[in-house]
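Order of the sequence lines sets the chain letters (A, B, ...), proteins ahead of strands, with each chain counted from 1.
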Number of protein chains: 4
Amino acid sequence: MKKSEKTKKKIIESAIKLISQYGYAATTTAQIAKEAGISEATLFKYFKDKETLLREVINIALIQIINFVALSPLKENIKKSKDLKASEFLRTIINERLELLDKNFDLLKIILIEIQYNDSLKKEVTKVMVPKFCKTKGLVEKILMRKTDISKSMAKGITRLVIGTLLTFLYQKYILGLEMSNEEVKEEIENVLNVIKKSIEEE
Amino acid sequence: MKKSEKTKKKIIESAIKLISQYGYAATTTAQIAKEAGISEATLFKYFKDKETLLREVINIALIQIINFVALSPLKENIKKSKDLKASEFLRTIINERLELLDKNFDLLKIILIEIQYNDSLKKEVTKVMVPKFCKTKGLVEKILMRKTDISKSMAKGITRLVIGTLLTFLYQKYILGLEMSNEEVKEEIENVLNVIKKSIEEE
Amino acid sequence: MKKSEKTKKKIIESAIKLISQYGYAATTTAQIAKEAGISEATLFKYFKDKETLLREVINIALIQIINFVALSPLKENIKKSKDLKASEFLRTIINERLELLDKNFDLLKIILIEIQYNDSLKKEVTKVMVPKFCKTKGLVEKILMRKTDISKSMAKGITRLVIGTLLTFLYQKYILGLEMSNEEVKEEIENVLNVIKKSIEEE
Amino acid sequence: MKKSEKTKKKIIESAIKLISQYGYAATTTAQIAKEAGISEATLFKYFKDKETLLREVINIALIQIINFVALSPLKENIKKSKDLKASEFLRTIINERLELLDKNFDLLKIILIEIQYNDSLKKEVTKVMVPKFCKTKGLVEKILMRKTDISKSMAKGITRLVIGTLLTFLYQKYILGLEMSNEEVKEEIENVLNVIKKSIEEE
DNA sequence: GATGAATGAGGGTTCATTCAT
DNA sequence: TATGAATGAACCCTCATTCAT
């Protein structure tokens with residue numbers, strides 16, 4: 001990697017770290033430059049203003065999240081999951097999604113919070129994320145229907161419940177900061193899966 | 001109401017409006033004062049600094065949310081719901097909760113975002129909210145078990161699914177800004193309830 | 001004393017206390033009002049502005065200092081000192097002056113410092129104090145010459161040395177905050193008086 | 001000298017000028033910046049806050065005063081004064097000290113006034129100045145005893161009188177603003193020296 | 001006569017941004 | 001290219017002062 005690319009990467013990493021910690025408005029360009037080990041003047045050579053840096057961060061976040069959180073691994077799942085029961089398929093999805101959220105939470109946090117305060121950002125983000133998200137959602141629904149003989153609306157309901165479950169864990173851990181042991185998380189997931197299993201008469 | 005009380009109320013209302021719109025760090029005391037129709041000097045007569053104003057807002061938000069969102073109306077529900085089927089009870093809960101979230105979203109948004117950036121605030125908020133929340137959750141579980149003959153862990157799973165569903169709607173509408181028609185919301189809720197109904201063999 | 005006079009007195013006392021402690025510029029009208037147990041609005045009913053209050057304080061300080069520090073007790077001394085030796089006369093003067101400085105230091109401090117920053121004040125103060133001071137000085141010189149047979153210029157030298165001695169103690173104690181025990185002070189005074197005694201061949 | 005050093009020096013000089021003229025509390029950072037020909041923002045790049053700037057000024061003042069006022073030139077005096085009579089030695093000291101006070105009065109004034117209002121500053125200053133001062137005082141006493149055959153306590157008395165004399169001139173000229181002609185000053189010094197000469201039977 | 005309530009003007013301080021080197 | 005140096009604009013906050021009650 002060229003030196004200038006390295007510097008740019010360093011700036012973005014620093015920005016991600018600090019913005020996710022303090023929020024965009026409360027993070028200063030001085031802090032970011034210091035964290036990146038460069039001068040403020042240099043920072044502005046790479047990004048014409050603070051807003052541009054934010055957008056770059058958001059872009060990277062979007063790419064990261066879309067590629068890694070939403071889609072790619074799902075494809076793997078689908079192949080691997082050919083012989084799985086529906087509930088096992090969902091368990092795999094939930095667990096993997098949780099793991100991915102874990103690894104990318106800084107980025108996700110920045111996106112979710114900063115789009116609140118920046119309408120053009122919000123439009124951009126939703127324009128990109130929502131279709132990807134819906135596509136993934138549709139895929140899960142289709143697989144569910146293939147694995148069971150439930151109706152479309154049931155499949156939609158279950159998918160929504162899975163999303164809700166993921167969101168709930170996200171909130172508990174990252175927003176409220178409530179730590180749960182792996183055991184507890186597992187138990188809660190099983191509770192949820194039990195409900196779903198019952199509903200699809202899997203057992 | 002005394003004049004000074006009116007002024008204080010006006011300041012707090014303005015703060016809530018602007019902070020929920022722009023975030024605490026990006027909201028200036030000048031903006032708040034202007035919105036409240038007073039001078040900045042007056043604002044600082046009422047609140048010794050910006051941080052104190054935020055805490056007052058958070059306090060009010062906590063009281064509001066705890067009293068109105070979490071508990072009170074639930075009690076009403078329980079009385080009224082004596083003869084309701086489990087699924088009908090859950091539908092009522094979901095709808096009322098959604099309505100309450102709707103009415104109090106500004107405050108909720110401020111709490112959820114600002115505790116990210118202020119540890120002492122986070123501790124304060126979680127110390128107050130989490131127990132109340134768990135209590136409510138436990139209540140719902142108990143009622144569910146009374147109305148059906150499901151196990152404790154099933155009840156827990158269902159309750160969690162309900163919470164997840166609420167969170168998902170919250171996210172879609174307020175965080176992502178995806179407007180849904182009432183029809184769509186109703187349909188989605190029915191999908192979810194159908195899954196749950198199946199799981200408790202209600203029909 | 002009428003209530004309004006009492007209030008005025010209370011304000012001035014509070015002002016003296018606070019201004020001598022923090023300086024005029026750093027003392028706020030809010031502090032003074034609080035210390036006096038009244039509202040700021042009331043303070044401005046008694047003194048049209050902060051500067052006016054300072055001038056009143058200075059006036060009072062001048063009167064107090066001139067009457068009590070500079071002249072009055074000196075007259076007592078002179079009567080009482082008819083039969084004292086010159087050195088004993090000087091010792092009495094030094095001791096009494098030190099005591100008076102002790103009791104009035106707050107006021108003196110305000111005068112000495114604040115005239116630095118306010119030319120019209122300085123003119124006023126010097127116009128009043130300097131003549132009084134010179135008169136007292138002349139008086140001491142005359143008495144010295146009466147009690148000994150030294151020349152005018154010697155008398156002037158001795159008086160100046162006495163003033164210098166007082167100033168030195170003033171500085172040590174109040175400006176530099178160096179506490180000395182009574183013993184030490186006495187010893188130092190005796191050292192000084194010994195020099196003077198030698199010079200007038202008193203022994 | 002580097003540009004940044006120049007700027008820093010300019011700021012400090014401006015601060016000294018203005019603080020000695022108006023006092024610390026009444027001097028604004030805007031004034032200092034303007035006097036230094038820079039923006040306020042630049043001032044705060046060099047000194048993290050107003051208080052820090054004051055301390056730097058005080059530090060410089062302490063160094064200046066200790067090196068140039070208290071000690072260094074005294075050593076020169078001592079060498080040069082080997083063959084001087086005691087009174088001539090004292091005259092030299094007084095005159096040189098007066099000259100040095102003259103050149104450094106701004107700094108001295110700031111120290112003497114501002115330590116009144118800042119306890120930690122007072123401690124710092126007295127901790128540094130007092131020992132140096134006492135050392136110098138002791139030196140003068142020793143020289144006096146070498147040049148004459150007076151007792152220790154006489155030497156102490158004379159030294160104290162010299163200090164008092166300096167203080168008196170300091171007060172008259174700088175605090176009260178009473179200008180004296182060189183003639184008058186000389187005469188007054190001679191008066192004082194005459195008293196001392198008599199006391200040590202120099203003539 | 002006293003005060004609760006309000007504020008314009010200004011204070012110290014920080015910020016994103018620029019530019020000469 | 002990278003940065004040392006600088007800054008206008010804005011921020012949070014305080015102050016002496018006013019005025020209706």
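- Annotation: salt bridge (charged side-chain N to carboxylate O under 4.0 Å, His left out) contacts involving residues 10-37 of chain C, sequence neighbours excluded, comprise C:Lys9-C:Glu13, C:Lys17-C:Glu35.
- Listed by first and then second residue, the salt bridge (charged side-chain N to carboxylate O under 4.0 Å, His left out) pairs involving residues 104-119 of chain A amount to none (not counting sequence neighbours).
- Straight-line distance from the CG atom of C:Leu54 to the P atom of F:dC15: 17 Å, rounded to whole Å.
- With sequence neighbours left out, the side chain to side chain contact (heavy atoms under 4.5 Å, CB included) criterion links C:Thr28 to C:Ala30, C:Gln31.
- Checked against side-chain hydrogen bond (donor to acceptor under 3.5 Å, both in side chains), A:Thr42 has the following partners two or more places apart in sequence or in another chain: A:Ser39.
- B:Leu53 is not listed as a side-chain neighbour of B:Ile19, based on a closest heavy-atom distance of 4.5 Å or more.
- Among residues two or more places apart in sequence or in another chain, the side chain to side chain contact (heavy atoms under 4.5 Å, CB included) test is passed with C:Glu51 by C:Tyr24, C:Asp49, C:Arg55, C:Asn118.
- With hydrogens and angles ignored, the 3.5 Å screen pairs a side-chain donor or acceptor of D:Thr27 with a backbone N or O of D:Gly23.
- With values rounded to the nearest 0.5 angstrom, B:Ser20 atom OG is found 5.0 Å from B:Ile110 atom CD1.
- Scored by the side chain to side chain contact (heavy atoms under 4.5 Å, CB included) test, B:Glu56 finds B:Lys8, B:Ile12, B:Phe47, B:Ile60 as partners (sequence neighbours excluded).
- Residues passing the side-chain hydrogen bond (donor to acceptor under 3.5 Å, both in side chains) test with D:Thr29 are D:Glu40, sequence neighbours excluded.
- Both D:Ser39 and C:Glu51 lie close to DNA chain F; mapped to their nearest nucleotides by heavy-atom distance, the more 5′-ward contact belongs to D:Ser39.
- Taking the 5' to 3' direction, DNA chain E first and last meets chain C under 4.0 angstrom from a heavy atom at E:dA2 to E:dG4.
- Applying a 4.0 Å cut-off to non-hydrogen atoms, none of the residues of residues 18-37 of chain B approaches DNA chain E.
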### Query
Reading DNA chain E 5' to 3', how would its secondary structure be written in dot-bracket notation, given Watson-Crick and G-U pairs with both distances under 3.5 Å, brackets [ ] for crossing pairs and | for partners on other strands?
.||||||||||||||||||||
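- Only one option out of B:Leu107, B:Leu121, B:Ile63 pairs with B:Ile58 in a side chain to side chain contact (heavy atoms under 4.5 Å, CB included); it is B:Leu121.
- DNA chain F lies under 4.0 Å from at least one heavy atom of each of the following residues of residues 41-50 of chain A: A:Ala41, A:Thr42, A:Lys45, A:Tyr46.
- Among the heavy atoms of the strands lying under 4.0 Å from D:Thr7 are primed sugar atoms or P, OP1, OP2 only; no base atom is included.
- D:Ala26 pairs by the side chain to side chain contact (heavy atoms under 4.5 Å, CB included) definition with C:Ala25, D:Tyr22, not counting sequence neighbours.
- The distance from the CD1 atom of A:Ile38 to the NZ atom of A:Lys45 is 11.5 Å, given to the nearest 0.5 Å.
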